[in-house]
There are 2 protein chains.
Amino acid sequence: MSDSPLPRSFTPPLSPTTQRGRKRHDALLEAAQRLFLERGFSQVSVNDIVAEAGGSLSTLYRHFGNKEGLFQAMVEHRSHDIYTALTADDIDSLPVEAALTRFGSGLLHKAMDDEALGIYREVVAESPRQPELARRFFDAGPGRMRQVVKEYLDRRVADRSLPPVDTAALAGMYLGMVLGEWHLIQLLQLEAPPSAEAIDARVTRCATLFLGGLRDAPD
Amino acid sequence: MSDSPLPRSFTPPLSPTTQRGRKRHDALLEAAQRLFLERGFSQVSVNDIVAEAGGSLSTLYRHFGNKEGLFQAMVEHRSHDIYTALTADDIDSLPVEAALTRFGSGLLHKAMDDEALGIYREVVAESPRQPELARRFFDAGPGRMRQVVKEYLDRRVADRSLPPVDTAALAGMYLGMVLGEWHLIQLLQLEAPPSAEAIDARVTRCATLFLGGLRDAPD
DNA sequence: AAGAAAGCGTAGCATACACTACACCTAGAA
DNA sequence: TTCTAGGTGTAGTGTATGCTACGCTTTCTT
């Protein structure tokens, strides 16, 4: 029942100030990424990571607090890049079908990428234990993608290129259609990834199908 | 460097013969299911499972060989049930739109189900380490669903209800569209599951959209 | 009733692993 | 040059855990 006598000035995840520090920080993140995505969170020990990155265990704990902290930092670090560059400035000047094709192609290429697949697997697996992580991953990745498409559709509705529709729902449906079973097949590593041509062919067909359906049934 | 002197007559996963044996076998499977899906494979110890199921550690190892064996047995056991009852005898007598709606609704209800989500999470997470498991899950579950829809579309093409199309690809696209982002949102537990009405509404819209698109662009 | 096959239960081994302690080294600012 | 915050390296601790050993009990067959 003793009090907590100055709890050691709480040293939480610390961003490094010095040059060498930054270097180690990055090296640790990079090693964590490689190993976590290769073997999975619970199959990698902190010692493995230090062995891979160089540096010392103490530094790892000073920077990231604990193993989960490192994992989270890694996921955030990557999520930022991974789903970026999906927005394009000239997207509004394209015909609708071309715009949809571009969205779909960007998504599908990302979704077939080894690194993105690894993160997806890990986040899905850990999400029940780390809901914060799940939310951040979704918002930075798939959720953002859907939002971008939704807002695109909103503008097309506004300028009468499309009939008034439930853009949020339709954006999700379109992206889901593009992914289809391909995403799961890659997640489970059941087949070799499709070629760029196969991807483009699929996306083109999806865009056509989708727009065809939209014209008929405005809702 | 000694030889292996009769390697103990290899006692691999053993199916129980006696009544009591069967009971324990089932109890172990059920406990494994509950715990694995609740906490994840690596978060559950074999002792936990025995504590939950009753019986003894020895029995578990006699029946399933090791922890992974139990996990695999559990996944197979469940995969069989989970995606069953998707085929219906009268499906060919329905209008195409109604048939698609039924497929979609069945899928979406399953995909929103806690147990199915748990298995999906675990299989995705473990697939890099257990490719056999991944294949079996896919074939028994999502892959079978796609196959059923494909064959349905094949029959509609044959009887000219639909134009000649790439039925395999389209089946995957349709199911993907139905799932859309909803599946991921449930996997990550970001929102409460949708109501039955919401599911039906979404599926109806998907079926309409899909068929509309098909009529326009036969390909 | 007898005997074997299967189940029970505990105790323990071997190991892996997250995390800490601590003493020493280095870089870079004053 | 000196001072110090931050980095290094190693050794260790506590614990969790997969799996085995082994002796006893129950069940089922013949």
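No hydrogens, no waters, no symmetry mates; every other heavy atom, side chains included, goes into these values. Letters A, B, ... are given to chains in the order of the sequence lines, protein chains preceding strands, and every chain is numbered from 1.
- Atoms CZ (B:F71) and C1' (D:dG18) sit 16 Å apart, rounded to a whole Å.
- When each of A:G54 and B:S45 is assigned the nucleotide of DNA chain D with its nearest heavy atom, A:G54 is the one assigned upstream, toward the 5' end.
- A donor and an acceptor atom never sit less than 3.5 Å apart when one is taken from the side chain of A:T59 and the other from the base of D:dG6.
- The local environment of CG in A:N66 is crowded, with over 12 non-hydrogen atoms from other residues, nucleotides or ligands closer than 6.0 Å.
- Looking at which nucleotide of DNA chain C each of B:G55 and A:F41 is closest to, the 5′-most match is held by B:G55.
- Taking for each of A:S56 and B:L57 the nucleotide of DNA chain D with the nearest heavy atom, the 5'-most of the two is the partner of A:S56.
- Rounded to whole Å, the distance from CG on A:N66 to C1' on C:dC17 is 14 Å.
- Side-chain atoms of B:R78 do not come within 3.5 Å of backbone N or O of B:Q33 as any donor-acceptor pair.
- Checking the phosphate oxygens (OP1, OP2) of D:dT8, a side-chain nitrogen or oxygen of A:R24 falls inside 4.0 Å.
- Distances shorter than 4.0 Å separate none of the side-chain N or O atoms of A:R62 from OP1 or OP2 on D:dG6.
- Proximity of B:L107 to B:R146: side-chain heavy atoms (C-beta onward) are nowhere separated by under 4.5 Å.
- At the heavy-atom level, B:S58 lies under 4.0 Å from base atoms of the strands shown.
- Side-chain nitrogen and oxygen atoms of B:H63 include at least one within less than 4.0 Å of the OP1 or OP2 phosphate oxygen of C:dG7.
- Remark: B:I119 CD1 to B:M74 CE distance equals 5.5 Å, nearest 0.5 Å.
- In this structure, A:R22 places its CZ atom 14 Å from P of C:dG28, rounding to the nearest Å.
- At the heavy-atom level, A:V50 lies nowhere under 4.0 Å from the strands shown.
- Distance check, rounded to the nearest 0.5 Å: CG of B:L29 to CD1 of B:I49 gives 10.0 Å.
- Atom CG in B:N47 sits about 11 Å away from atom C1' in C:dT10, given to the nearest Å.
- Between the CD atom of A:E68 and the C1' atom of C:dC17 there is a distance of 15 Å, rounded to whole Å.
- Here the P atom of nucleotide D:dT10 and the OH atom of A:Y61 are 17 Å apart, to the nearest Å.
- A straight line from NZ of A:K67 to P of D:dT15 spans 19 Å, rounded to a whole angstrom.
- As rounded to whole Å, 13 Å separates atom C1' of D:dA16 from atom CZ of B:R39.
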